[in-house]
Every structure is written in structure tokens, then in C-alpha cells.
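Following: one structure in C-alpha cells, then a few remarks.
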Amino acid sequence: MPSKAATRSAELRRLIDDANHRYHVLDDPAIPDAEYDRLMRELEALEAQHPELATADSPTMRVGNAPSAKFATVRHAVPMLSLGNAFSDDEVREFVARIGKETGDESPAFSTEPKLDGLAISLRYEDGAFVRGATRGDGASGEDVTANLRTVKAIPLRLRGNKPPELLEVRGEVYMPRAAFEKYNDWALKNGAKALANPRNGAAGSLRQLDPRITAQRPLSFYAYALGETGGARLPPTHSRTLAWLRELGFPVSPLVDVASGVEGLLAYYRRIGEQRDGLAYDIDGVVYKLDRYDQQRAMGFVSRAPRWALAHKYPAQEEATVVESIEVNVGRTGAVTPWVQMVPVHVGGVMVGRATLHNADQIARLDVRVGDSVIVRRAGDVIPEVVRVIEERRPLDKRGRPLHPPYELPTQCPVCGSAVEREEGEVVARCTGGLFCAAQRKQALIHFASRRAMDVEGLGERFVEALVELDYVKSVADLYRLSVDDFLEMKRRADERDGTTPETVKAGKVASKWAENLVAAIDASRNTTLERLLFALGIRDVGESTAKTLARHFGALDPLMAADEEALVAVPDVGPIVAARIAHFFAEGHNREVIAALRSNGVHWPEGAPQRAADGPLAGMTVVLTGGLESMSRDQAGAKLEALGAKVSGSVSKKTGIVVAGEAAGSKLAKAQELGLEIWDEAKLLAFLQEHE
DNA sequence: TGGCCTCGAGTTCA
DNA sequence: CTCGAGGCCA
């Protein structure tokens, strides 16, 4: 009877071998890196505890996978190393302490670099000419991919300078920039080719093409970070100077490399790069610290395959695997039926993730997500999680080996009101046709109406709106203005009763009445508004903040807008035939006219004036984009001030943008502005300008 | 007609 | 933030 540990280690070995095969040989990974790492760590720990279980063919005994037969094998005279990993600050502390103790150097210098998520390769130059390039393989020998590497433009075919060393091997990372990866996948989708799983696999797959012409079409790039075998060259005494030398020889070296010392110095670098991570043009999975002085490196030596003088400090995984518990749908303000998955919560990129949206039926069809499926979730550039793909091998099957669940299909009837769900010709989103008959749409319409950027009713959050709608206190947004303190108290009592939540009701006497008074006061305050806010709040399809503002300016008052026909509406900038028809249709609807009349008779008012067609001021005709946080005011306030000076404030950066105001921690928009060579202001410049012109 | 450029709508977690 | 789609210009 095999022990529990023996059974588990055999299972782990099988899982890891499978994953390796999929990853290295088929270029089609099945599980995320983080999970692979975990399996590997578990197996390492098991084998450390039970040395008798460590078989010679265990995946822990090698670093990569045997090269495929398609390419010639190349032996690395100087092995290509793997690196020890750190996942916490403490592990970095131990690393620095160990080095301090053994070198006797209190504060040794480290060369610090981003750890690119690509493919490690070795380039061999003889008398200055590129003669051979190989993948890392298992570290001792890899595959000869010279012909493919020649197509990578970042790799010099000849070294610069007039006295090249006789022999030089340069190690570095081949990678695929994110933008290139996305572009390729767009193309693949349209042309029926297989999409790449991620940029790193894009790089790996491209290098393993047997036909270099295919590789040449893939936009690969390269950064150098180390030396291999050398001959006839006097080497610099430190790693950082080696990198500088490599630059002189014509190799691209990451501009993010730096030198730091002390635990705090290393951690500061880790955090600095971490902040930039999402805005970089390529994926990184950590940073690498390398003891800078070569004599100190030699003193530290190696443990098995990993140098003791270097450490890879990893960032939290951005991809994790989990299991789908159920697939649900939401009904939005416009009736849009949006499916989402409830998953077993997992830690991704530093937070627990339990839900992810599937956007629409197209995405469901593309992913083919079903209940019970194992899926990979990612928190990419932004905060919002998404399902990357299904791990098909783990789909639950019935006894006959068929999937337990059929492909998911959107409901044909609204789960809230039972009306038909329809998808318009050529549209991606399916919509509930119930209109305001649907409680979900009424609810969302009211939430939108009360939201900060619309009527700004403070304190009227989602929870109360839900109760107001469900208990029928509010049928249209105008009803909000008829509610009294007593109505709110009664509603709260009924809602608590219904939900069985008693605790709060006891103190309802005093505290709750205060709450209700505040809410009524907030609703009252919102009576005093502006035409653009009102127009936005009404929730006319395709009329958002920006269009509402243009309409308000163009017409100056509500009545002329309500009376305008489609022809008159199309004359408004940014309003075309489709939006014009929607607006005209909205105001032609009797119900909508009643709501507007009721709002007016309940005291909702706004200043009206003459139509304003073109803004003037020092920034007239200028498009300004605000990004990052400002110290002295909010972005909205700054935007309002800039608009008062005639600027058009927009949310996205393009060639047509005039000025980008970049505050604290500005991200991708600033990067894009720099790329396009736009005028960029910092906060001081903005304040100076406002002071001068206000 | 195609290719930007914008805007609108929906969205997750702490 | 990211998609989809409407508007506008070459």
C-alpha cells in the first residue's frame, strides 16, 4: 500500500509533466504559471520531506523540457541558469542578509532589472558576427533557432565598434510586446488562425516556427541581460558595467535597469517597477536582483542550478485558475442582458475575485464557459477581472465521457419581468424588451437618475432604490419627489420585515428618522439642477454626459429641444441620424412627457437661456485630457475650469488631443501622450494657466 | 467606404 | 478600464 505522500507525489509528477508538455512542446499551456509554480513547490517540499520519493525522472530534477526533434541541439558551454524566487519582502531580507554575511560587505550593490515574461535565449558572436542562437532548453542544452532569431530586428547581426571580441555569448529575453500580441490575435480571430494564449507563448511559438518567414512576420523584440561564454575580451568588473558595455556593442538593454543597495533599496525598486507594470509595453512577472560585483558573485557560488548571488522577486500572479459555480444574468438600465459567472473566489493580483462579467453572448460562445468548468481568470491592465479561457481538460464529464452540461445559452425571457429577450440584427447585446415594465430597468433607471453625475441625490444608494422599486413606492423617477420622511420610514420597516433583518429596527425611532430626513433633504436639494444634468439623468439611449451637455448648450432650454425634429437634432454637433432618432423618439413618447411634466410640477428646476453655439476663450477649440490625481482640486473641478476657458475636455488621448494634464500617478494615458509627442502639463503648469486666465 | 476618434454602457472589489 | 458602436472626415 503506497503512502499518502507517494500517491500525491506521483500525481503531482503526472500533472507537472502534462503541463510541461503542453507548454514547451505544444506551445499551448493548460494551466496558469502560478498554479504550475504551486504544484512544483508542493512536489519539491514533498521530496524534501521524503527523499526516497525523489525519482531520477522527477520534474524537479530538470529545469525545462527536452528540445523537440525538429531543431538541432546546442550545448551551452556556460549553462543558462535558473533563478531562485522570492514572493515576499521577508525572502528578500533573508537573501540580502545571507549575502551580507558571506561577503562581509555591509551594503553590497545590486544590479536591478525587470524580469520580462518571454523566452530566454543565447546569442553567439564570433569575431563580431552573429553565428548561432539557441533557446535555453533545460539550461544545459537548447534548440538551434538561428534562422528565426535572425529575423528579430532588435538582435544585432554584427557587433558595433571596431575591435570585437573573438567570442561573445550574450543572453537575454525574446519577447512579444503586448500591443503586437493583441494585434496578432485580432488578425488570427478574423482569419480563423489559432489565437495565442499570451504574449510569452506568442514569443515561444514564433521562435519555434520551422519556417523563418513566419517568424519574420511576428513582431518580436529582445533585451540583453547577461553574458555566456567569452573569449578574447576584457570583461568589466561589475554586472551593471557589463550591461552598459552590451549597449555599446549594439544590444538593447532595458531602460529600467538600475543599481540599488540594501533591502530598502531593492524593495523600493520592486515597488517602483510594480507601479509601472501595467503601463509597460510588455509583460513582466517580477524583478531580478543580481549582486553587482563579479568577485562577490564568485564568492557566493551556486546551489544546484541556481546562483546564490541573484534572486527573482515576483509580483502577485495576474492569472489564476478557479471553478465556475453558476452563470447568471444582469439586466441593465437599457435592458441589456449581461451574463456573468459566479466562481469559487481566488486570489488574483492581490485581491479575492469571485465574479467576472462575460459581457455578451458572443463572448460566451467564444469562451464556451459552462457550469462546473475550470477557468482561468485574469486581472489585466485594469482592476476588472475577466475569464481568459476554459481549461477544457477539466470539464466535468458524465459516465459516457460527454460534458455534463450543455453549452450555456442566454435566457430568451427576462429573468426579472418575463418579457422577451431580443437581439437586434447586427447588435452584440441582447435586451429585455420590457422597458419600464421591467423592475430591473426601473431600478437601474432610478439609480442612474440619482447618481452623482446626474441629479446627485446624496445617500440614495443601490440598496434603498431596490427597496423603493420593489415595494412600489416609486414607479417613475418623478415619484421620488413626492416621498415624505414617513414614506421612507415605512418603507424601511417593510423592507426589514420582509428580509427578516430586525436589529436596525429597534433604533429606528430616532436614528432612522434622522436618516430619512437627510434623504428627503438630499432629494429636495436635487430639485435645483441644470439642464445638462437633467437631460443626462433622463437616461435617453446614447445620450450620456457629453451629448447632454452639447444638447443643453445648443438649445439653451428644454422646450425647444422637446419640440425639435430629427432634422434640427442632426444639426447638433456629434449627433447623427441614429442618436437624433432616439432623442426625438424619447420626447415623442407620452409617458416620457408625463414624467417631465411631473418633475417640473414637483419643483425640479434649472436655469434656461439663449442657445450657445460655439465656446470661446483662451482654450477655444482645444481638446484637453486630464489624467492622474491632482492635489489642489478634483479632476472634475479642473475640467469645469478648463471648459469655462473654452476647452473641450475629453477622456481619451489621441492625435487630436491638444493638451494632456498629468497629475499624480498618471498611467497609460500619459504614456500615450508622450508617445504621440503631445503637450503635457503638470499640476503647477495648470494652476499657473488658470490663475492667469480666470 | 474605411479608419480614426469619441462617447456610452456595463462592471469588480475594498 | 474595455468594449461596441455612432459620428465624422478623408
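Order of the sequence lines sets the chain letters (A, B, ...), proteins ahead of strands, with each chain counted from 1.
- Taking atom NE2 of residue H347(A) and atom P of nucleotide dC13(B), one finds them 13 Å apart after rounding to whole Å.
- For I578(A), counting side-chain heavy atoms from C-beta on, the closest listed nucleotide (dG10(B), dT11(B), dG7(C)) is dG7(C).
- Residue V543(A) is classed as a sugar-phosphate contact, given heavy-atom separations below 4.0 Å to backbone atoms only.
- Of the listed nucleotides (dC13(B), dG6(C), dC7(B)), dC13(B) has the atom at the smallest distance from the side chain of V353(A).
- Under the 4.0 Å criterion applied to side-chain N and carboxylate O atoms, E319(A) and R389(A) are not assigned as salt-bridge partners.
- Remark: T338(A) is in phosphate contact with dT11(B), judged by side-chain N or O atoms under 4.0 Å from OP1 or OP2.
- For N330(A), taking side-chain heavy atoms from C-beta onward, the closest of the listed nucleotides dG10(B), dT11(B), dG6(C) is dT11(B).
- T334(A) has a side-chain polar atom (N or O) that falls below the 4.0 Å cut-off from OP1 or OP2 of dG10(B).
- Closest to the side chain of D574(A), out of dG6(C), dC8(C), dT11(B), is dC8(C).
- Comparing dA9(B), dT11(B), dC7(B) by their nearest atom to the side chain of R333(A) picks out dA9(B).
- Among the nucleotides dG7(C), dA5(C), dG10(B), the one closest to the side chain of P577(A) is dG7(C).
- Under the side chain to side chain contact (heavy atoms under 4.5 Å, CB included) test applied with V337(A), the options N330(A), L410(A), V429(A) reduce to a single match, L410(A).
- You'll find that the side chain of M352(A) is closest to dA14(B), out of dA14(B), dG7(C), dG6(C).
- Between the side chains of T530(A) and E532(A), not a single donor N or O lies within less than 3.5 Å of an accepting N or O.
- Ring pair W681(A)/F689(A) is tilted by interplanar angle, where 30° to 60° counts as tilted.
- One interatomic measurement links the two molecules: NZ of K443(A) to P of dA9(B), which rounds to 20 Å at whole-angstrom precision.
- In the set dG8(B), dA9(B), dC13(B), dC13(B) carries the atom at the smallest distance from any side-chain atom of R355(A).
- If you check dG7(C), dG10(B), dC7(B) against the side chain of V579(A), the one that comes closest is dG7(C).
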